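Data block below; observations after.
Since we're looking at a predicted model, the values are computed, not measured.
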Amino acid sequence: MAGRFAPRHPRADVRGGIPRQGLAPGRVRVWVPDGPLELGLVLGPLRRGPGDPTFRTTPDGAVWRTSRTPAGPGTLRVSARGGEVRGEAWGPGADWLLEQLPRTLGADDDPSAFVPRHRLLALTRHRRPGLRLTRTGLVMESLIPSVLEQKVTTLEAYQAWRILVRKFGEPAPGPAPGRMCVMPSARTWALIPSWEWHLAGVDDKRASTILRAVRVAARLEEAAGMEPAAAQARLEVVPGIGPWTSAETVQRSHGAPDAVTVGDLHLPGIVGFALGGDRYADDAEMLRLLEPYAGQRHRAARLVLLSGRVPGRRAPRMAPRGIERI
């Protein structure tokens with residue numbers, strides 16, 4: 001569809017008051033990583049489904065992201081060529097996004113700390129040397145979609161995130177691809193009416209958890225400067241946020257290499273099948289199999305998922321509940 005429509009003239013958006021900057025150039029930073037880097041592997045975990053309004057991959061291989069930074073909303077375009085990475089950013093949060101760019105692309109990560117104990121993981125690491133663990137430095141943008149993913153199908157969670165961000169977020173600053181948005185502010189999340197949560201397919205339990213979290217958003221964002229374990233402990237103080245949600249959050253906000261996800265419906269069976277031939281493994285068995293990778297268990301699980309060695313499906317996919325139709 002690219003090129004079929006003429007670009008819109010820059011104008012202020014009535015919802016956010018942030019001007020669309022058309023084709024105005026953004027601020028630029030060029031960074032050279034110290035090893036192989038594959039943008040899709042590093043930034044892929046930040047994408048919440050193919051229709052995520054905050055994430056877009058364009059045919060030229062560039063990755064576009066929007067974020068609500070401490071300095072305000074911003075749009076970041078990242079591209080890689082010839083061993084260097086080029087970041088271009090727009091909006092009030094542009095400088096913050098460019099300062100964070102190396103950490104977002106895994107500069108703080110140390111892949112060499114991982115010592116494979118299984119042939120499968122050794123082969124996968126060899127085939128995908130560009131895997132780095134992202135560290136966004138932002139807690140709420142990973143926490144809220146993780147709460148939406150609690151105990152529902154991924155399709156339901158992705159749909160809810162898409163609907164709520166598009167309806168209550170702000171248009172992305174700069175020349176972002178069409179319909180990209182910045183997630184709502186904490187205050188906006190807190191003011192979403194109950195029926196809008198219902199229309200987005202979000203039950204009261206998950207909505208209430210998000211509302212409790214955004215009321216203390218400033219305190220939760222402070223966790224970005226803590227060690228991952230301490231950050232998880234702070235997140236879990238909020239009722240409705242448990243080990244599954246806190247791990248899914250710090251894996252992205254902190255680049256935590258050891259924050260293995262427990263309480264997941266599928267991960268124990270996948271790890272159990274790949275490392276021990278046990279498709280019915282539970283959390284305890286998964287943790288036992290990952291024990292040799294203490295300190296790097298999240299990376300080991302990522303490599304398992306990238307290996308493609310997963311057990312065959314034994315039952316149809318769980319059908320979405322569609323509570324918005326009730």
Between Ile241 and Ala213 the two heavy atoms that sit nearest each other are CD1-CB, 4.4 Å
Should the pair His118 and Tyr293 be assigned to parallel (<30°), tilted (30 to 60°) or perpendicular (>60°) ring geometry?
tilted
Treat each ILVMFWY residue as a node, draw an edge where side-chain heavy atoms are under 4.5 Å apart, and state whether Leu39 and Met180 are in one component.
no
Going by heavy atoms in the side chains, are Arg68 and Glu170 under 4.5 Å from each other?
yes
Would a 4.5 Å heavy-atom cut-off, applied to side chains only, mark Pro177 and Thr58 as touching?
yes
Taken to the nearest 0.5 Å, the spacing of Arg117 CZ from Glu291 CD works out to 11.0 Å
Which pair of heavy atoms, one from Trp244 and one from Ser146, lies closest together, and at what distance?
CZ3-O, 3.3 Å
Asp278 side chain to Gly272 backbone, donor-acceptor under 3.5 Å:
no
Kindly check if the number of other-residue, nucleotide or ligand heavy atoms within 6.0 Å of CD (Glu236) is above 12?
yes
Gly130 versus Leu41, closest heavy-atom pair with distance
C-CD1, 4.2 Å
Answer yes if Ile210 and Met183 sit in the same cluster of Ile, Leu, Val, Met, Phe, Trp and Tyr residues linked by side chain heavy atoms under 4.5 Å apart, and no otherwise.
yes
Main-chain N/O of Thr57 paired to Trp64 side chain as donor or acceptor, under 3.5 Å
no
Got a sec, which residues hit salt bridge (charged side-chain N to carboxylate O under 4.0 Å, His left out) with Glu196, two or more places apart in sequence or on another chain?
Lys167
Pairwise distance CE(Met140) to OG(Ser253) - rounded to 0.5 angstrom:
11.0 Å
Separation between OG1 (Thr104) and CH2 (Trp31), nearest 0.5 Å, reads 9.5 Å
Quick check: do His298 and Leu133 have side-chain heavy atoms less than 4.5 Å from each other?
yes
Got a second to check how far Leu303's CG is from Leu120's CG, nearest 0.5 Å?
8.5 Å
Thr66 vs Leu76 side-chain heavy atoms within contact, under 4.5 Å
no
Does the pair Asp109/Arg132 count as a salt bridge with the N-to-O cut at 4.0 Å?
no
Note: Arg47-Asp52 ion pair, threshold 4.0 Å (strictly below):
no
Taking atom types as modelled and ignoring hydrogens, do the side chains of Thr249 and Ser246 form a donor-acceptor contact shorter than 3.5 angstrom?
no
Side chains of Leu97 and Ser67: does their closest heavy-atom pair fall under 4.5 Å?
yes
Row check, Phe273 ring normal vs Arg309 NZ/CZ: under 6.0 Å, within 45°:
yes
Tell me the closest heavy-atom pair linking Ala172 and Thr75, and the distance in Å.
CB-OG1, 3.5 Å
N/O donor-acceptor pair under 3.5 Å between Thr124 side chain and Leu121 backbone:
no
Thr153-Glu156 side chain donor-acceptor pair, cut-off 3.5 Å
yes
With a 3.5 Å distance limit and no angle check, can you tell me whether Arg179 reaches the backbone of Pro171 through a side-chain donor-acceptor pair?
no
Counting N and O atoms only, with roles assigned by atom type, does the side chain of Arg279 sit under 3.5 Å from a partner on the main chain of Gly312, one being a donor and the other an acceptor?
yes
Nearest non-hydrogen partners of Gly93 and Ala71, listed with the distance
CA-CB, 4.2 Å
Ser142 versus Glu248, side-chain donor and acceptor atoms under 3.5 Å
no
For Ala274 and Val304, the nearest pair of non-hydrogen atoms, with its separation, is CB-CG1, 3.7 Å
If I take atom CZ from residue Arg252 and atom CG from residue Leu43, how far apart are they, to the nearest 0.5 angstrom?
12.0 Å
Among all residues two or more places apart in sequence or in another chain, which pass the side-chain contact (heavy atoms from CB on, under 4.5 Å) test with Arg234?
Arg219, Leu220, Glu222, Ala223, Met226
Could you tell me whether the side chain of Leu105 reaches within less than 4.5 Å of the side chain of Leu37, counting heavy atoms only?
yes
Judged by modelled atom types alone, do Thr136 and Gln100 share a side-chain donor-acceptor pair under 3.5 Å?
no
If hydrophobic clusters are built from ILVMFWY residues whose side chains come within less than 4.5 Å, do Phe168 and Trp161 share one?
yes
Give the intermediate values and the outcome of salt bridge (Lys or Arg N to Asp or Glu O under 4.0 Å) for residues Glu99 and Arg27.
CA-CA 11 Å; Glu99 181 182 357; Arg27 298 180 181 274; over 6 Å; no
Do Leu287 and Val250 share a hydrophobic cluster (ILVMFWY, side-chain heavy atoms under 4.5 Å, transitive)?
no
Candidate pair Arg127 and Leu306, rule side chain to side chain contact (heavy atoms under 4.5 Å, CB included), full reasoning:
CA-CA 10 Å; Arg127 292 168 180 164; Leu306 289 172; over 6 Å; no
Value rounded to 0.5 Å, distance of CZ in Arg302 from CZ in Arg299
9.5 Å
With sequence neighbours excluded, what pairs up with Arg86 under the salt bridge (charged side-chain N to carboxylate O under 4.0 Å, His left out) test?
Glu88
Find out whether Pro173 and Val182 are in side-chain contact, i.e. whether some heavy atom of one side chain is under 4.5 Å from a heavy atom of the other.
yes
Any non-hydrogen side-chain atom of Leu235 less than 4.5 Å from a side-chain atom of Val139?
yes
Looking only at the side chains, is there a donor atom on one of Gln251 and Thr261 sitting less than 3.5 Å from an acceptor on the other?
yes
Within the 3.5 Å criterion, strictly below it, is a donor on Thr154 or Glu149 matched to an acceptor on the partner's side chain?
no
Taking Asp60 first and then Arg77, would you say they form a salt bridge - that is, a charged N and a carboxylate O separated by under 4.0 Å?
yes
